[in-house]
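Worth knowing before you read on, the calculation uses all heavy atoms, side chains too, and leaves out hydrogens, waters and symmetry mates.
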Amino acid sequence: MIATEGIEDEEKWLAEGIAAIQHNAFYMSRALDSDNLREALKYSALLLSELRTSRLSPHKYYELYMRAFDELRKLEMFFREEDRHGCSVIDLYELVQHAGNILPRLYLLCTVGSVYIKSKEAPAKDILKDLVEMCRGVQHPTRGLFLRSYLAQISRDKLPDLGSEYEGEGDTVMDAVDFVLQNFTEMNKLWVRMQHHGPVRLKEKLEKERSELRDLVGKNLHVLSQIEGVDLEMFKDVVLPRVLEQVVNCKDEIAQYYLMDCIIHVFPDEYHLQTLETLLGACPQLQPAVDVKTVLSRLMERLSNYADSSPEVLPDFLQVEAFTKLSSAIGKVIDAQIDMPVVGAISLYVSLLTFTLRVHPDRLDYVDQVLGACVKKLSGKAKLEDSKATKQVVALLSAPLEKYTDIVTVLTLSNYPRVMDHLDTGTNKIMAKIIIESIMKNDTSVSTADKVEVLFELIKGLIKDLDGTATDELDEEDFKEEQNSVARLIHMLYNDEPEEMLKIICTVRKHIMAGGPKRLTFTVPPLVFSALKLVRRLQGQDGDMAGEEVPATPKKIFQLMNETIEALSSVPSSELALRLYLQCAEAANDCDLEPIAYEFFTQAFVLYEEEVADSKAQVTAIHLIIGTLQKMTVFGVENRDTLTHKATGYSAKLLKKPDQCRAVYACSHLFWVDDQDGIKDGERVLLCLKRSLRIANAAQQQANVTRGSSGPVTLFVEILNKYLYFFEKGNPQITPGAIQSLIELIKTEMQSDATTPDSASDAFFTSTLRYVQFQRQKGGLMGEKYNPIKV
């Protein structure tokens, strides 16, 4: 085999070989120019003798071969011109067989054989058969491969093909096929034997060298694919079986992988489709180390592209049962290669699924069958920990999402969630986010409770803790992002039918309630608002219908929401729960359901009393309560009085005086509502304003003690504005005299030495006085009303 003395030695030997070829080529050319056949044959044999070397690697040998090949082209041209050398082609064919060494002899024989075939003085098939048999005389792998490669090169345009000038009596396409197949078989044997020509310790180097020569063997298959007469029938009955027989019998993993790949790439798609069973039948017979998954993946990719480019052939795929055959072959390969890693098996299913989605997108049963096969492969195993295998499973699950864009289609696949169950917690979450992103991107509405049930099972990794993973272990930002995506998803669940929509809400509620308090702050609000949307659609129904199947009614939904919000009642979600109670109260008001609205307000007050402890949170909460209560029209006198009494009471108990003052004067609006004729209690409005004045006064005295607080003066100006508001609204209890007194009080306070000057308060007061002045000068009824007030 090839010597291993080193790269420098090899370069030296190559240079010596090239020099010898050039030397002899010079004398050969001189002989050709002088039409001296004997000398031409002598020097051509000498230059070809350089190809007998065993010192060069295949790469370097190729360089030497190409030098000799170029010279043989000149010699062939000379052989064609009989008048120059004076020897018939038949005699010449006999003459070159007298060369001393077998390798030069066979190169010369092939060269003359090319001219002999072209002369048509003998049947092409006889000469080709003679040449292919004679080449058996060289059994050295490298030298034999290049010799046969030369034979293939000079004969490829002289085969008795259909419509070829060499097709004649007795010469048929079958002869051409036999010749190429025989040359291919012998070349493959030589190629496989290369692995044994060298020390075992250099196995890796030998395999690399072998790989460099693979195209020499593969060119035979390319020639076969170019023969016009090789139609589907001949390919099915002769070519493919004989090629596959050689592939399987050689029992060499490098050869098997390359040749299978070569078969897939050189022959037409239509032939592969019609001979699928034969080709796939060879796969389980290949050596265990052969990368069959890549071979099959490339075959499926090729067939998929064929279907894409020629939609008219799709019925053929069904007729030959392509999916069934591919699925069966993959199963056999996985069963045959018991040591195949999980990632290899899954990647095969990914390729099969890609094929199915491209060729049979309407066959959801096929898609589910692929997923089911994957589940079977993964069953009995722990959660996937191999990152490559996990990546393949994500690819498998993502493919239907990308193809159908409509998650509802994917939700009909029974094996989809079963595949997801084999993912580790982290990847399960990633896949859940991909599903939600698909829904958002495609604006998909999931419209039945059954589909929602399946969907929430798929994304359960985001909804509750899996495998003991606590929410505390998650990065805060990641956790928020996850839960916000779930919240957005809830808004995508919709059905026009109220009953089905209520089922959807109940299904979502069942799932999110298992998520723990930290998740509920994200997931309960969108559920509540989704329910309130349904309530708005159902306004006017009383919900008192009897029977087992009670239809969707506001009353029923409110009851459900009350129980749901209750889960948020503890700190730190109490403020959120309070807001949601008030939202529900407002919706109950619009549905004219007084007891329910009152219940929600009661719940809000209970939360305020028991859970809202922070002073700032209390201020925000009490203003929300007051604002919501002001808009309520459903309450009778008794209920309204109870609630307003509580609101004013809590307002006066806030921690800081300024907060008390502002909350109390805000309560004045509870007793005078413009669009509600029944609520215009001027006396109680005045009581609220006077009470807020007293609190402001107390705050002023407190500030005088500490010095430096200008807040109370601002409070007086704010109260003045409330006086003016109710004065304009026609509250008889608010008189010009009361306003005048308040203005004078503010002026006195602002001029007091105890008050720290404050530009904002000054500007606010000045602006208020300017407004009063403007109203006086405007004239009309309002002008007359403001006229007694002196600014």
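Other residues, nucleotides and ligands place no more than 12 heavy atoms under 6.0 Å from the NZ atom of Lys391. Annotation for Lys653: atom NZ does not count as buried by contact number, only 12 or fewer foreign heavy atoms lying within 6.0 Å. Heavy-atom neighbours of Lys656 NZ from other residues, nucleotides or ligands within 6.0 Å: at or below the threshold of 12. Enclosure of atom NZ in Lys503 is not indicated, since only 12 or fewer non-hydrogen atoms of other residues, nucleotides or ligands lie within 6.0 angstrom.
Nearest approach of Leu458 to Ala432, heavy atoms of both residues: O-CB, 4.4 Å. A pairwise comparison of heavy atoms in Thr405 and Ser438 identifies O-OG, 3.9 Å as the closest pair. Gly461 approaches Lys429 most closely through the heavy-atom pair O-CE, 3.3 Å. Shortest non-hydrogen contact noted between Lys451 and Val446 is CB-CG1, 3.7 Å. Cys584 and Val528 get closest at one heavy-atom pair: SG-CG1, 4.0 Å. In terms of heavy atoms, Ile626 sits closest to Ser651 at CD1-OG, 3.7 Å.
Here the CG atom belonging to Asp406 is positioned 8.5 Å from the CG atom belonging to Leu411, to the nearest 0.5 angstrom. Separation of atoms CD1 (Ile459) and CG (Leu489) is listed at 5.0 Å; rounding is to 0.5 Å. A distance of 4.5 Å separates CE of Met420 from CD1 of Ile435, quoted to the nearest 0.5 Å. To the nearest 0.5 Å, atom CG of residue Leu643 and atom OG1 of residue Thr602 are 6.5 Å apart. Here the straight-line distance linking atom CG of Leu353 with atom OG of Ser327 works out to 11.0 Å at 0.5 Å rounding. Note that the CG atom of Leu582 and the NZ atom of Lys631 stand 9.5 Å from one another [nearest 0.5 Å].
Side-chain contact between Pro400 and Leu364 is absent, with no heavy atoms from C-beta onward closer than 4.5 Å. The closest side-chain heavy-atom distance from Glu566 to Tyr581 is below 4.5 Å. Leu520 is listed as a side-chain neighbour of Met513, based on a closest heavy-atom distance under 4.5 Å. The shortest distance between side-chain heavy atoms of Thr553 and Leu538 does not fall below 4.5 Å. Looking at heavy atoms from C-beta onward, Val685 lies out of side-chain contact with Lys729 at the 4.5 angstrom threshold. Residues Met501 and Arg537 are in side-chain contact: their nearest non-hydrogen atoms beyond the backbone lie under 4.5 Å apart. Residues Asp443 and Met492 meet the side-chain proximity criterion, which asks for heavy atoms closer than 4.5 Å. In this structure the side chain of Asn721 reaches within 4.5 angstrom of the side chain of Phe764, judged on heavy atoms.
Look at Glu482 and Arg519 and you find no salt bridge, because none of the NZ, NE, NH1 or NH2 atoms lies under 4.0 Å from a carboxylate O. Between Lys460 and Asp421 there is a salt bridge, since a side-chain N of the basic residue sits under 4.0 Å from a carboxylate O of the acidic one. Under the 4.0 Å criterion applied to side-chain N and carboxylate O atoms, Asp659 and Lys657 are not assigned as salt-bridge partners.
Partners of Arg536 according to the salt bridge (charged side-chain N to carboxylate O under 4.0 Å, His left out) rule, which considers only residues two or more places apart in sequence or in another chain, are Asp590. Remark: Ile434 engages Val394, Ser398, Leu401, Ile430, Met431 in a side-chain contact (heavy atoms from CB on, under 4.5 Å) (not counting sequence neighbours). With sequence neighbours excluded, the residues that form a side-chain contact (heavy atoms from CB on, under 4.5 Å) with Thr521 are Leu568, Ser573, Leu576. Not counting sequence neighbours, the partners of Arg509 by the salt bridge (charged side-chain N to carboxylate O under 4.0 Å, His left out) test are Glu563.
Asn589 places no side-chain N or O within 3.5 Å of a backbone atom of Met632 that could act as its donor or acceptor partner. Side-chain atoms of Ser767 never come within 3.5 Å of backbone atoms of Ala763 as a donor-acceptor pair (strictly under, hydrogens ignored). Side-chain N or O atoms of Asp614 include one that pairs as donor or acceptor with a backbone N or O of Lys616 at under 3.5 Å. Between the Arg418 side chain and the Cys374 main chain, no donor and acceptor come within less than 3.5 Å of each other. Within the 3.5 Å criterion, the main-chain N or O of Ala621 finds no donor-acceptor partner in the side chain of Glu575. The main-chain N or O of Thr448 is never found under 3.5 Å from a side-chain atom of Asn495 such that the two would form a donor-acceptor pair. The closest donor-acceptor contact from the side chain of Glu594 to the backbone of Gly636 lies under 3.5 Å. The backbone N or O of Pro526 lies less than 3.5 Å from no partner atom in the side chain of Ser530, so there is not a single donor-acceptor pair.
No option in Glu718, Gln660, Lys722 other than Glu718 meets the side-chain hydrogen bond (donor to acceptor under 3.5 Å, both in side chains) test with Tyr665.
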>> side-chain contact (heavy atoms from CB on, under 4.5 Å), that's the test. Do Val367 and Tyr416 meet it? Break it down for me.
In response: CA-CA 10 Å; Val367 177; Tyr416 197 92; over 6 Å; no

>> What verdict does the salt bridge (Lys or Arg N to Asp or Glu O under 4.0 Å) test give for Glu437 and Arg488, after you've listed the backbone C-alpha separation in whole Å, the side-chain angles of each residue and the deciding distance to 0.1 Å?
In response: CA-CA 10 Å; Glu437 282 165 15; Arg488 287 193 295 272; over 6 Å; no

>> With side-chain contact (heavy atoms from CB on, under 4.5 Å) as the criterion, how do Phe635 and Thr644 come out once you've worked through the C-alpha distance, each side chain's angles and the decisive distance to 0.1 Å?
In response: CA-CA 11 Å; Phe635 293 131; Thr644 50; over 6 Å; no

>> Using the rule given for side-chain contact (heavy atoms from CB on, under 4.5 Å), can you reason through Tyr366 versus Val370, listing the C-alpha separation, both sets of side-chain angles and the distance that settles it, and then say yes or no?
In response: CA-CA 6 Å; Tyr366 285 175; Val370 178; 5.7 Å; no

>> Would Leu462 and Ile436 count as a side-chain contact (heavy atoms from CB on, under 4.5 Å) here? Give the steps.
In response: CA-CA 11 Å; Leu462 300 179; Ile436 293 175; 3.7 Å; yes

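A ring pair (Phe, Tyr, Trp, His ring centres under 6.0 Å) check over residues 481-518, counting only residues at least two apart or in different chains, returns the pairs Phe456-His511. Applying the side chain to side chain donor-acceptor pair (under 3.5 Å) test to pairs two or more places apart or on separate chains, those with a residue in residues 348-360 are Ser297-Ser351, Asn305-Arg358, Asp308-Arg358.
Below 30°, between 30° and 60°, or above 60°: for Phe522 and Phe479 the angle between ring planes is above 60°, a perpendicular geometry.
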